[in-house]
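Since this is a predicted model, take the numbers as computed values, not measurements. Counting convention: from 1, in listed order, for ligands and their atoms alike.
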Amino acid sequence: MLAVENLEVRYGGIMALRGVSIEVAKGETVLLVGANGAGKSSLINAVIGLVNASKGSVRFAGRDLSALSCDCRARAGIGYSPEGRRVFSTMSVKDNVLTGAHGRGKVAQREAWDWLSGIFPLLKERAAQPAGQLSGGEQQIVAFARAMSSFPDLVLLDEPFLGLAPVWIARISEAVRQMQARGTTILMTEQMARPALKLATRGYVMRGGEVRRSGTVAEIRDLALAEEYL
Ligand code: ATP
């Protein structure tokens with residue numbers, strides 16, 4: 001489903017990714033773990049097209065993404081939930097969520113809204129309120145829901161649990177499980193890898209812009225523990 005090969009990303013003189021290769025098969029949930037600055041976000045951002053790779057390739061469903069903009073990648077079926085709380089602050093909570101399903105028709109939008117507001121009742125309670133008035137954790141939920149609202153084939157989740165209360169971690173985990181049941185392919189990063197380890201099937205350990213190891217969730221947990229990522 002997703003094949004990243006020999007990817008290199010530079011920010012000026014800083015080399016954030018040094019020839020990274022990973023694969024995510026259809027329906028898999030793959031976890032990227034690693035300390036601060038390991039390159040996890042750079043990899044996610046290169047897949048969605050927010051940063052340009054200086055070398056290497058990203059293929060999605062057999063298609064080379066290099067020439068496609070972020071918008072085109074989203075339309076091709078990739079959903080992206082950024083680290084932190086990126087919402088349109090003056091737009092209502094409901095409109096924020098549905099921008100992710102923009103152009104998909106009323107029925108699909110309604111289906112997305114019913115599904116997401118069922119998992120996150122906060123969305124319904126605050127539907128008409130400007131998203132900027134919500135707390136940081138609540139805005140993170142809105143950003144997550146927006147990424148899910150197009151029912152993407154591939155979901156990129158950058159630190160979805162960071163700084164969230166246990167109740168929100170449980171609900172995001174539930175949303176991820178429901179997407180897994182639909183056959184969605186998921187690539188997620190996590191520093192606080194414990195909740196993510198319960199969801200993933202496989203993982204990669206990154207350090208210094210490189211993939212150091214890959215393995216099953218159990219192997220990744222042991223490695224991450226040994227390297228004190230958890
Ligand atoms: P974190 O968990 O802190 O987000 P990460 O594993 O996601 O870390 P990246 O954010 O991809 O790592 O960062 C990889 C390297 O690239 C780091 O050295 C970081 O300082 C650098 N970097 C990231 N974004 C930029 C940027 N916009 N400009 C310059 N350097 C950057």
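Under the 3.5 Å distance criterion, with hydrogens and angles disregarded, no donor-acceptor pair is assigned to the side chains of Q140 and W168. With 3.5 Å as the limit, one finds a donor-acceptor pair spanning the side chains of D64 and S66.
By the 6.0 Å contact criterion, CD on Q129 is enclosed, its count of non-hydrogen atoms from other residues, nucleotides or ligands being greater than 12. The local environment of CG in N52 is sparse, with at most 12 non-hydrogen atoms from other residues, nucleotides or ligands closer than 6.0 Å. Other residues, nucleotides and ligands contribute over 12 non-hydrogen atoms within 6.0 Å of the CD atom of E210.
Residues lining ligand 1 at a heavy-atom distance below 4.0 Å are given as Y11, I14, A16, A35, N36, G37, A38, G39, K40, S41, S42, E83, E159, Q191, ordered by chain and residue number.
Residue pairs meeting the side-chain hydrogen bond (donor to acceptor under 3.5 Å, both in side chains) criterion with at least one member in residues 24-37, sequence neighbours excluded, are E28-R202, T29-Q180, N36-Q191.
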